[in-house]
Structures are given as C-alpha cells and as structure tokens.
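Here's the structure we're looking at; comments come further down.
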Amino acid sequence: MIFIYNTLTRQKEPFIPLEPNKIKMYVCGVTVYDECHLGHARCEVSFDMIRRYFMQAGYHVTFVRNITDIDDKIIQRAQFNNESYSDLTARMISAMHAHYAALGVLPPDIEPKATDFVESMQQLIQRLIEASYAYVTTSGDVYYRVRRFKSYGCLSGKVIDELEVGSRVAFNHEKEDPLDFVLWKAAKPGEPAWPSVWGNGRPGWHIECSAMCQATLGDTLDIHGGGPDLKFPHHDNEIAQSEALTKKPLANMWMHVGALRVNQDKMSKSLGNFLTIKAALAEYPAEVLRYFLLSSHYRSEMQYTTDRLKEASNSLKRLYSAIQNIPCDQDKSQDSIDELCPYESVFHQAMRDDFNTPKAFAVLFDLARDINKLKKIDLQSASLLAKKLLKLSHLLGFLYHHPEKYAQGDTGIDSEWIESMIEKRKKAKQQRDFKTADHIRQVLMKKGIELLDHRDGTRWQMMK
RNA sequence: GGCUGGAUGGCAGAGUGGUCAUGCAGCGGACUGCAACUCCGCGGACGCCGGUUCGAUUCCGACUCCAGCCUCCA
C-alpha cells in the first residue's frame, strides 16, 4: 500500500486507484513561451520519480502532461520576436522535450496541446453557460461565476470573502464580480483566434485542463498534480469548472511539489530570476541535477545554490565509486542478502510513505558502504549488493552510466594520449623513478585529469 | 489581513515517546612511493515557553520567526 499526501484533505492517505492496477495521472505542464527553468525541472523530475515508482509497483499508469500553447504571453512574445505564435511554441516544445529527456524524465503517454482541444473547451463553456455557471459579456468574453460554485477554494483553503480582491486583480467593468475568471477571451485584431458562438476568440487558461482531463482520462482522475503555484487559483478553478458540470470529483488525489527558490525568492518566469535547464546543463551533468532535485522530499521547498550542486556531485560520485570495478551482471539470487540486511524493504517502505526519496537515498548509501567493505574480502557478495544498488538506483532514474565513463565525463581530451601518459608513468614507477612519475601526474593535473592508482592498475577521472 | 506549510548538529536533509538516519564538510587513525578512493573512529541537533508522561526533538497548547499563495507562474 502506497500512502500519499493529498492536498485536498491535507493528510496522507492510502492510495486506492479507481480501477485496480490502473492509474490515471494528469500533471499540468508549462506555457511554452520561453525555455523551461529548474523550477519546472523539479516538478517534472518529481512526478517522473512518482510515475516510475508506480510502474515498478505493477501499476499501468496513463500519464498525461498538457502543453499550454496559446495564451497572452505567447502572443506577446511572438509579436516581439516577429514570428508566428505557432513557430514560437513549436521551438519551445522541442527544447522542452530535449531538456526533460536529458534529466531522465520519461515522455508522457499523452501530451495534449491546448490548441488541439479548443472545440472541447467550447463545449464545456457552453454547458457552463447553460447551467448558469458562466455568462457572456457584450464584448464577447465569457466568465465563470465563482460565487455560484459553493465550495470554491476548497483545494487551497481560501475563503472567498477573505481574498484581497481588487487590490491585485485588475478592475473590469464587465465582470459581475471581481473574483470571476475568464473562460473565453474575445480576440483583438491581429491576434490568433478561433470562431465561436460568442465571436472570434481564444480560451482562457484554466478551461483547457478541465477539457483535456476529461478528453484524455475521463471525469475523475486518480491523481492530479502540478507545481506549488498552481494550487490557487488554477487548480481550484479547474475543480469549479469540471465539478460544476460532472458533479463528480475531478481528482481523488491532488499532489503539489514544493517550490524551488533562488536567493530566497521563488524561481519564476515573472520574477525573472530563473535559471533555465539548458543553462544548468551547461554547468553540471544532468544526473547531478536530477540527484539534487530529488535530494529533498518532493513537497518541501528547496533552495538552489552552487554549493548544493557541488555537494550533489560529490554524493553521486560516492555511489558511482562503489560500483566501480565490480561485475554487476551475474544473475544469482539475492534473497539471502536481503534477509541479513533488508535494504530493499527499507527502500520500498520509504518510497511507499509519500515517496520519501531522502530516506530511500540513505539506503543507497548504506549499500555503497557495505559494497566497499565487501569488495576487499568477498567480491561475489559485493557484486550481489552492487546489483541491488543498481536496481534500486534505476528505480529513481540514477546510475545508468558506466562508472568509469561517468567519472571521466566529456573531457574533449584525447583519451589515447592520456592512456599513453599512464603507460609512461607506469614504466617510470616500475623503475622507481618517482620524479618522472610525479611529473606526469602534474602534467595531467594541469588539464584537470586526476590519476588514481589501484592494485590492478591506474585509472583516471576528471577532477571537478 | 486571510490561506497553506515550515523551524533538527558547520551545511543539506530524514525520522522517532526511551539504543544508528544519511550525505557533504571537519578532525584523528589504517591503507598508500606521492595523490585520490576506500575503511575504522570522533565531535556536535532537535526555535521559545508551558502541559501530558517514569521519560518528549517526537504528543497537546501559547508564542516567536520563516516561506509560498491570495495577479500570469511548475
């Protein structure tokens, strides 16, 4: 049994899917007007970890992640760039795919784009109007009548009358109530637009998720997830839109990832303080970023600093060094080992408790230490443990590289030359010519290459 | 002002009513021609004040402080 913290009830609950062994999971994706930043990465990597865990637990997961490919910011940016909005979004989408893939995020099973579901949205809006949950204005906008939905704000715990209405929301004469949010926006000249019974226009942001959830997964999802800033108003609005019509819960379980902060502020596009995934990938190996992003519990907020990344890099190195020079491919029963030291059961216990990755990581490090100890005295047992370490790490999306290759990275230096230097040094050492041997070490050191002498020979790695 | 979630050793970060988190960094030792890895050992922590209890970092209450949200945002 897996326990998950449900934002809706504010407690951990046993997870029971609607249909046995099947999970319908919808995670809100991004608005593609710019490149994805590390905040997005944290969200995607977290849900990827969760999805992978469900999969290995034997569930058939249908994972949907939408793309918002039409909205005000996209239009503005496209105009600024002097390109069509669809050229802009196509470019951003392919960048997103590349960056997520680098971080080991599995592609979604379904990736609906808002612009492909405009008709579904229009149908929902029409039904909301008919049920008097929405109204049309003289200029052709359609708004959702928030006060008509009695439990509005139930997800975030907001009380309508306590919101700072008017202080931040722009005043709009056509709204019946400042709280009302837009379902359909009448188009201004030159803007991309779709025909509708209310005139040419485009959908508001929130309605797309209601439409795409329903179109791809049905009325009720097992899990609906997203970033911390979507809880309100986005997800509360989705609930208001969908449940007003279906009278059924939009999702049984709501999951929200904690914020990633930079210098005390939330990383966000509107604050302009974001670090793109692309920029981060230029500085650190993708696996280090993934490790960093999963090193805190998914719900807690975390701080991005270069020190933390350096630390993540060192920690990951420790795991890789444990499996270095160990045959991991032999296929023998490991049961006896787990009876003595229940690594796997502790690991799964941690993961089943709301995906406690820090605790699961601790198991990996326990394994690493025991492997290192056994290496010297019992290589066979060590390799069984190493296999276990790989298995558990793979569940989280780690340790897919060959340990040697990982340590060496992409040097841009001719590895044959390095090997020849190592050979030279070996000869010098054999002749007890340590002066020459140390000189060779120095020469390589200047290029950032570190030599490591082992009983069975000399290896090299990048120093970083 | 309202809502939501926090406060753990130098840093990061789990957890528990009474014996170990874990990682990074530091210190001492082993190994080593040098260096690194590795191993062994060490130190230090539970915001503040009350309460419950044989015993609380862990449960309850007050307080202080912090963050996110209440406009588009993962």
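All values derive from a computational prediction rather than experimental measurement. Chain A is the first sequence line, chain B the second, and so forth, proteins listed ahead of strands; every chain is numbered from 1.
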Would you mind pulling out the nucleotide paired to [N], Watson-Crick or G-U wobble, both distances under 3.5 Å?
{"N": "B/G33", "value": "none"}
{"N": "B/A74", "value": "none"}
{"N": "B/C3", "value": "B/G68"}
{"N": "B/C54", "value": "B/G18"}
{"N": "B/C63", "value": "B/G47"}
{"N": "B/C11", "value": "B/G23"}

Heavy atoms under 4.0 Å, any strand shown: does [X] hit a base, just sugar-phosphate, or nothing?
{"X": "A/Arg432", "value": "nothing"}
{"X": "A/His297", "value": "sugar-phosphate"}
{"X": "A/Lys429", "value": "base"}
{"X": "A/Ser300", "value": "sugar-phosphate"}
{"X": "A/Ser295", "value": "sugar-phosphate"}
{"X": "A/Lys158", "value": "base"}
{"X": "A/Gly29", "value": "sugar-phosphate"}
{"X": "A/Leu451", "value": "base"}
{"X": "A/Arg441", "value": "base"}
{"X": "A/Arg299", "value": "nothing"}
{"X": "A/Arg65", "value": "nothing"}
{"X": "A/Tyr5", "value": "sugar-phosphate"}
{"X": "A/Phe434", "value": "base"}

Geometric cation-pi criterion [X] and [Y], 6.0 Å radius, 45° cone:
{"X": "A/Arg299", "Y": "A/Tyr5", "value": "yes"}
{"X": "A/Arg51", "Y": "A/Phe63", "value": "yes"}
{"X": "A/Lys231", "Y": "A/Trp254", "value": "no"}
{"X": "A/Lys12", "Y": "A/Phe3", "value": "no"}

Give the nucleotide from the list [options] with an atom nearest to the side chain of [X].
{"X": "A/Met302", "options": "B/G13, B/U38, B/C39", "value": "B/G13"}
{"X": "A/Arg425", "options": "B/U22, B/G33, B/C39", "value": "B/G33"}
{"X": "A/Asp438", "options": "B/G33, B/G23, B/A74", "value": "B/G33"}
{"X": "A/Ala362", "options": "B/U22, B/A14, B/U38", "value": "B/U22"}
{"X": "A/Asp229", "options": "B/C69, B/G13, B/A67", "value": "B/C69"}
{"X": "A/Glu301", "options": "B/A67, B/C72, B/U4", "value": "B/A67"}
{"X": "A/Lys359", "options": "B/A74, B/G33, B/G15", "value": "B/G15"}
{"X": "A/Asp453", "options": "B/G33, B/C3, B/C24", "value": "B/G33"}
{"X": "A/Lys373", "options": "B/C24, B/C40, B/A74", "value": "B/C40"}
{"X": "A/Phe232", "options": "B/A74, B/C70, B/G5", "value": "B/C70"}

In whole angstrom, give the distance that lies between atom [atom1] of [X] and atom [atom2] of [N].
{"X": "A/Lys73", "N": "B/A74", "atom1": "NZ", "atom2": "C1'", "result": "13 Å"}
{"X": "A/Asp307", "N": "B/A12", "atom1": "CG", "atom2": "P", "result": "10 Å"}
{"X": "A/Gln442", "N": "B/A36", "atom1": "CD", "atom2": "P", "result": "12 Å"}
{"X": "A/Arg42", "N": "B/A74", "atom1": "CZ", "atom2": "P", "result": "15 Å"}
{"X": "A/Asp370", "N": "B/U22", "atom1": "CG", "atom2": "C1'", "result": "13 Å"}
{"X": "A/Arg352", "N": "B/A14", "atom1": "CZ", "atom2": "P", "result": "20 Å"}

Inset, instruction - May I ask you to evaluate whether A/Ser296 reaches the phosphate of B/G13, defined as a side-chain N or O under 4.0 Å from OP1 or OP2? - result: yes

Inset, instruction - Using a cut-off of strictly less than 4.0 Å, decide whether A/Asn314 has a side-chain nitrogen or oxygen near OP1 or OP2 of B/G23. - result: no

Inset, instruction - Look at A/Lys429 together with A/Asp438 and state whether they make a salt bridge at an N to O cut-off of under 4.0 Å. - result: no

Separation of the [atom1] atoms in [N] and [M], to the nearest angstrom:
{"N": "B/U52", "M": "B/C27", "atom1": "C1'", "value": "42 Å"}
{"N": "B/G41", "M": "B/C49", "atom1": "C1'", "value": "39 Å"}
{"N": "B/G9", "M": "B/G51", "atom1": "P", "value": "26 Å"}
{"N": "B/A21", "M": "B/C42", "atom1": "P", "value": "12 Å"}
{"N": "B/U53", "M": "B/C60", "atom1": "P", "value": "16 Å"}
{"N": "B/C24", "M": "B/U16", "atom1": "C1'", "value": "24 Å"}
{"N": "B/U8", "M": "B/G47", "atom1": "C1'", "value": "10 Å"}
{"N": "B/G18", "M": "B/G23", "atom1": "C1'", "value": "27 Å"}

Inset, instruction - Starting from the 5' end of RNA chain B, give me the residue, A/Leu452 or A/Ser156, whose nearest nucleotide shows up first. - result: A/Ser156

Could you label the plane-to-plane angle of the [X] and [Y] rings as parallel, tilted or perpendicular, counting under 30° as parallel and over 60° as perpendicular?
{"X": "A/Phe355", "Y": "A/Tyr53", "value": "perpendicular"}
{"X": "A/Tyr291", "Y": "A/Phe365", "value": "perpendicular"}
{"X": "A/His206", "Y": "A/His234", "value": "tilted"}

Inset, instruction - Assess whether one donor atom and one acceptor atom, taken from the side chain of A/Lys376 and the base of B/C39, lie less than 3.5 Å apart. - result: no

Legend entry - CZ on A/Phe149 to CD1 on A/Ile239, rounded to 0.5 Å: 7.0 Å

